[in-house]
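Below you'll find the structure, written out as C-alpha cells, and then a few comments.
We use all heavy atoms of the structure for the numbers below, so side chains are in, but hydrogens, waters and symmetry mates are not. One-based numbering, in listed order, for ligands and for the atoms of each. Here the structure is a predicted model, which is why all the values come from computation and not from measurement.
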Amino acid sequence: MNSNLKFSVITLFPEMFLPLQNEGIIARAIKNQQVSLNTVFLRDFSDHPRKNVDKQPAGGGDGMVLRADIAEKALLSVLSPDAFVINLTPSGKIFDSNLAKTLAKKSHLILLCGRYAGFDHRLELEYADINISIGDFVLSGGELPAMCLIDSVTRFIPGVLGNEESALLDSFEDGLLEAPQYTHPEEFHGLSIPKVLLSGDHKKIKEFNRKEQLKVTARNRPDLILSKWDEFSKQEKIIIEKIWKSG
Ligand SMILES: C[S@@+](CC[C@H](N)C(=O)[O-])C[C@H]1O[C@@H](n2cnc3c(N)ncnc32)[C@H](O)[C@@H]1O
C-alpha cells in the first residue's frame, strides 16, 4: 500500500521528531505505510562556512531571522506538485479539529518550523499555502506545533486508529467536549463511578453522557456551546443555563 499522506518537515532540530517516528500511533502508521514522515535539516542548505542559517532583522531589533534563500533551498528539495505548504507561526490561523480533518485529505504536507524570530516573511509570501498557529502563546520553535499537527492529522486518516482508539467520540467531533470517562476501580478516594454507567441500559447511558458532555462544555468552553446554540433542544438549553447560573 502506498502512503496516504507524506509529511516533510523543514527544521533545525530533526532529532526532535525521532520519538514520533519511533513510538505510538504515528510510528505504527508509518510502519503500516499510512503516513510517511521525513525531516529536512535546514543547515544542510546553508552556504555559510559555519552553516549559519540566520541574520539580524532588517531595520534592527532583537533576535535573529531565518534566511529566506536558505529556507527556500530546503523547501525546494522536497516540494512536489501536490504539496501543501504550512508555515507554523503564532500569527497563523488557529489549528483545530476541522482543519486537521481537511489536512488529512491532502497527499503531501510540508511543514516549516521556525526558530529564533521566525522565517523571513518573504518565504511565507512566496510559498506558504497556509499559516497555522497552535494557540495564543509563543513556543521556542515550530517543532512542537508541527508534532501536534502531525499527530492530530494522522488520527483522521482512515484505518490509522483501531476501534478501541476511535476518534468518533473524541472531543470536538460533534462540536462539544467529550463526556468524562471512568473505568476500574468502582470506588476511588470515595468517588464512585456514576451508577447509570454500570447499569447496562444503553439508552440511559447515552442520555447521561450527553448531559455530562453539555455540562463539561458549558463550564469549560462556553464558546463551543454558543456556536451551536440553535441546535440544542429546549431541555438541553435548560441544563446549560443551569450550569451557567451556578457559576
Ligand atoms: C520564538 S517563535 C517566534 C515568534 C515570533 N517572533 C512572534 O512573535 O510571532 C519561533 C518559532 O516558533 C514557532 N512557534 C512558536 N509559537 C507557535 C505557535 N503558537 N504556533 C505555531 N508555531 C509557533 C514558529 O515557527 C516561530 O517561527
Nearest-neighbour protein heavy atom for [atom], which is reported as residue plus atom name and distance:
{"atom": "atom 25 (O) of ligand 1", "value": "Leu88 O, 2.6 Å"}
{"atom": "atom 9 (O) of ligand 1", "value": "Pro90 CG, 3.4 Å"}
{"atom": "atom 19 (N) of ligand 1", "value": "Phe137 O, 2.8 Å"}
{"atom": "atom 27 (O) of ligand 1", "value": "Gly118 CA, 3.3 Å"}
{"atom": "atom 20 (N) of ligand 1", "value": "Ile134 N, 3.0 Å"}
{"atom": "atom 5 (C) of ligand 1", "value": "Ala117 O, 4.0 Å"}
{"atom": "atom 2 (S) of ligand 1", "value": "Leu139 O, 3.2 Å"}

Does the pair Glu207/Lys203 count as a salt bridge with the N-to-O cut at 4.0 Å?
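Yes, this pair counts.
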
Does Lys228 pair with Glu236 as a salt bridge, N-O distance under 4.0 Å?
no

Is Leu75 linked to Leu125 within one hydrophobic cluster, defined over Ile, Leu, Val, Met, Phe, Trp and Tyr using a side-chain heavy-atom separation of less than 4.5 Å?
no

With a 3.5 Å cut-off and no angle check, do the side chains of Gln33 and Asn4 form a donor-acceptor pair?
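The answer is no; no qualifying pair exists.
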
For ligand 1, which atoms have a heavy atom of Pro145 less than 4.0 angstrom away?
21 (C), 22 (N), 23 (C)

Atoms in ligand 1 with a heavy atom of Gly142 nearer than 4.0 Å
12 (O), 13 (C), 25 (O)

Kindly confirm or rule out an N or O of [X] lying under 3.5 angstrom from an N or O of ligand 1.
{"X": "Gly114", "answer": "yes"}
{"X": "Phe119", "answer": "no"}
{"X": "Gly135", "answer": "yes"}
{"X": "Leu112", "answer": "no"}

Here's one to test your reading of the geometry: is the NZ or CZ of Lys106 within 45 degrees of the ring axis of Phe84 and under 6.0 Å from its centre?
yes

Per side-chain contact (heavy atoms from CB on, under 4.5 Å), Leu111 is matched among Ile86, Ile132, Val85 by Ile86

Closest to atom 14 (N) of ligand 1 (judged by heavy-atom distance), picking from Ser140, Gly141, Cys113:
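Heavy atom nearest to atom 14 (N) of ligand 1 belongs to Gly141.
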
When rounded to the nearest 0.5 angstrom, what is the spacing between [atom1] in [X] and [atom2] in [Y]?
{"X": "Asp170", "Y": "Ser97", "atom1": "CG", "atom2": "OG", "value": "8.0 Å"}
{"X": "Ile134", "Y": "Asp96", "atom1": "CD1", "atom2": "CG", "value": "12.5 Å"}
{"X": "Leu20", "Y": "Phe7", "atom1": "CG", "atom2": "CZ", "value": "9.0 Å"}
{"X": "Ile10", "Y": "Thr39", "atom1": "CD1", "atom2": "OG1", "value": "10.0 Å"}

Of Asp54, Asp47, Asp120, which is the lone residue that meets salt bridge (Lys or Arg N to Asp or Glu O under 4.0 Å) with Arg67?
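Testing Arg67 for a salt bridge (Lys or Arg N to Asp or Glu O under 4.0 Å) against Asp54, Asp47, Asp120 leaves exactly one candidate, Asp47.
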
Just let me know how [X] lines up against ligand 1, side chain, backbone, both or neither, with a heavy-atom cut-off below 4.0 Å.
{"X": "Ser133", "answer": "both"}
{"X": "Ile132", "answer": "backbone"}
{"X": "Tyr116", "answer": "backbone"}
{"X": "Val138", "answer": "both"}

